[in-house]
Amino acid sequence: MDQLRIKNLEVYAYHGLFGAEKELGQRFVFDVILDYDMTKAARTRDLTASIHYGELAQHLTHWCQASKEDLIETLAHSLIEQIFQTYPLVRRVSLEVKKPWAPIPLPLDTCSVKLERTKRHAFIGLGSNQGKKAENLDAALEKIQKQGIELLQTSSRIETEPWGGVEQENFLNQVAEIETWLTPQELLETMLAIEADLGRVRDIKWGPRIIDLDVLYIEQEKIYSPDLIVPHPYVAERAFVLESLAEIAPHFIDPRNGKSMRQLLAGVKRNLS
């Protein structure tokens, strides 16, 4: 991928745990790398297909001076978020924040943190079987977009019977394809926060819920942790999920078994017949 690089951009700002750091300030130094396709800009001289590095440097300076953070980790994360929001062309950001005047009484050149974030496509399963189901799904999609997550497309909504053996109302389900620079864990935490904000209470496993947001796939990643399993462990067993996935991404391949959504759906239908 093509890259725009800015090295050793110096900014005087007011970040640090100690009061004197926020009052007196100090020097911070930035190295930033933006990955994006420069082909159109190079071939057509179209400025809208490029990023003005002088403007980027001014933005980084302004953003850095607009707040006072305790941790440079927080500062770096905030700057990356603002880069993605300001420059939709960017696919990946690598940012190192250096603190050469860190209050450490030892001989060293600088302290720094380096964060890297990449945009990825993911699929989110949505479901609701309490209250006004369609409005619940609408509200969830709206909140997802307010988190800086781009909504690429959504499937049709289908009514489905409950899954898991608990007697309850039918669900209204759909699948959304999104693009996000959030890490998998951040994406999960964002979905859980939206569920809680919309009033979901987790008291009965597989029970009724006002909203359910499941991370189904994150591109071809395979993740197994105490909090998050991707691909979702039950996606290949749920016809209603596969039906929605096959509608909007029929040729997307499940990284576990190498089968497309259309193939998985056909297999589940054969087993049900």
Side-chain angles (χ1 to χ4, degrees), residues 1-38 41 47-104 108-122 143-151 178-191 193-194 218-219 221:
M1 180 66 73
D2 307 322
Q3 294 183 333
L4 183 156
R5 298 182 176 218
I6 292 178
K7 188 173 184 179
N8 292 333
L9 171 66
E10 295 190 14
V11 179
Y12 200 90
Y14 301 83
H15 306 286
L17 280 172
F18 300 108
E21 293 181 288
K22 288 190 172 66
E23 181 179 350
L24 301 176
Q26 61 188 295
R27 184 164 59 100
F28 295 85
V29 182
F30 299 100
D31 289 345
V32 61
I33 301 174
L34 307 187
D35 288 29
Y36 68 96
D37 188 351
M38 300 180 182
L47 294 178
T48 65
S50 182
I51 294 173
H52 191 310
Y53 44 81
E55 181 183 88
L56 172 61
Q58 290 176 344
H59 276 147
L60 287 169
T61 300
H62 171 72
W63 294 332
C64 180
Q65 294 175 336
S67 65
K68 296 182 179 182
E69 306 294 350
D70 289 344
L71 302 177
I72 54 176
E73 293 93 326
T74 304
L75 173 63
H77 191 277
S78 174
L79 293 176
I80 288 176
E81 180 178 18
Q82 292 181 89
I83 289 171
F84 277 123
Q85 289 177 349
T86 305
Y87 301 104
L89 291 172
V90 175
R91 306 301 307 169
R92 178 179 173 275
V93 177
S94 173
L95 176 65
E96 183 173 6
V97 179
K98 305 173 189 177
K99 193 174 180 180
W101 294 351
I104 300 174
L108 54 79
D109 180 49
T110 189
C111 295
S112 72
V113 298
K114 184 177 181 179
L115 274 65
E116 297 180 354
R117 295 292 186 271
T118 302
K119 283 184 178 177
R120 288 172 286 200
H121 286 202
K143 287 182 178 294
I144 286 173
Q145 293 178 89
K146 285 183 177 179
Q147 295 302 313
I149 297 170
E150 185 176 357
L151 186 63
I178 64 170
E179 184 177 71
T180 180
W181 61 272
L182 298 176
T183 65
Q185 186 63 36
E186 286 177 308
L187 180 59
L188 172 64
E189 291 170 0
T190 298
M191 296 301 107
I194 292 172
I218 303 176
E219 295 199 344
E221 293 191 38

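Every heavy atom of this structure was used, including side-chain atoms; hydrogens, water molecules and symmetry mates were not.
Scanning all heavy atoms of the two residues, the minimum distance from G16 to K99 falls at CA-NZ, 3.9 Å. Of all heavy-atom pairs between Y12 and G25, the closest is OH-O, 3.2 Å. Shown here for F28 and I72, the closest heavy-atom pair between the two residues is CE2-CG2, 3.9 Å. Here the shortest heavy-atom pairing between L95 and A76 reads CD2-O, 3.6 Å. The two atoms that bring A49 and A41 nearest to each other are O-CB, 3.6 Å, heavy atoms only. Across F30 and L79, no two heavy atoms sit closer than the pair CE2-CD1, 3.6 Å.
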Audit row: I83, V32, side-chain contact (heavy atoms from CB on, under 4.5 Å) steps and yes/no
CA-CA 10 Å; I83 289 171; V32 61; 4.2 Å; yes
Can I178 and L187 be said to form a side-chain contact (heavy atoms from CB on, under 4.5 Å), step by step?
CA-CA 11 Å; I178 64 170; L187 180 59; 3.9 Å; yes
Tell me, with the steps shown, if H62 and Q58 meet side-chain contact (heavy atoms from CB on, under 4.5 Å).
CA-CA 6 Å; H62 171 72; Q58 290 176 344; over 6 Å; no
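In this structure, Y36 OH and S50 OG are separated by 3.5 Å, a value rounded to the nearest 0.5 Å. With rounding to the nearest 0.5 angstrom, the NE2 atom of H15 is 12.5 Å from the CD atom of E73. Rounding to the nearest 0.5 Å gives a distance of 11.5 Å between CH2 of W101 and OG1 of T110. Note that the CD atom of Q3 and the CD1 atom of I33 stand 5.0 Å from one another [nearest 0.5 Å]. Distance check, rounded to the nearest 0.5 Å: CD1 of I51 to CG of L56 gives 7.0 Å. For the atom pair D70 CG and L75 CG, the distance stands at 11.5 Å (nearest 0.5 Å).
Judged by distance alone, the side chain of Y87 and the main-chain N or O of L34 form no donor-acceptor pair under 3.5 Å. Using a distance-only test at 3.5 Å, with no hydrogens or angles considered, a donor-acceptor pair links the side chain of T61 to the main chain of A57. The backbone N or O of H121 lies less than 3.5 Å from a partner atom in the side chain of E219, making a donor-acceptor pair. Y53 places no side-chain N or O within donor-acceptor distance of the main-chain N or O of I6, the cut-off being under 3.5 Å. For D2 (side chain) and M38 (main-chain N/O), a donor-acceptor pair under 3.5 Å exists by modelled atom type. With hydrogens and angles ignored, the 3.5 Å screen pairs a side-chain donor or acceptor of E21 with a backbone N or O of L17.
A 4.5 Å side-chain heavy-atom check between L182 and I149 finds at least one atom pair inside the cut-off. Side-chain contact between T118 and W181: absent, with no pair of heavy atoms (C-beta onward) separated by less than 4.5 Å.
Under the salt bridge (Lys or Arg N to Asp or Glu O under 4.0 Å) criterion, E179 pairs with R91, not counting sequence neighbours. A search for salt bridge (Lys or Arg N to Asp or Glu O under 4.0 Å) contacts involving K114 returns E116, not counting sequence neighbours.
Ring-plane geometry between H59 and W63 is classed as parallel, the angle between the planes falling under 30 degrees on a 0 to 90 degree scale with a further cut at 60.
E186 and H77 share a side-chain donor-acceptor pair at under 3.5 Å.
Taking the charged nitrogens against the carboxylate oxygens, E150 and K119 have no contact shorter than 4.0 Å, which rules out a salt bridge. Between R27 and E10 a salt bridge is recorded (basic side-chain N to carboxylate O distance below 4.0 Å).
Annotation: L47, atom CG; neighbour count of heavy atoms from other residues, nucleotides and ligands within 6.0 Å does not exceed 12.
In summary, of the residues considered (K7, K98, R5), a side chain to side chain donor-acceptor pair (under 3.5 Å) with D31 occurs for K98 alone.
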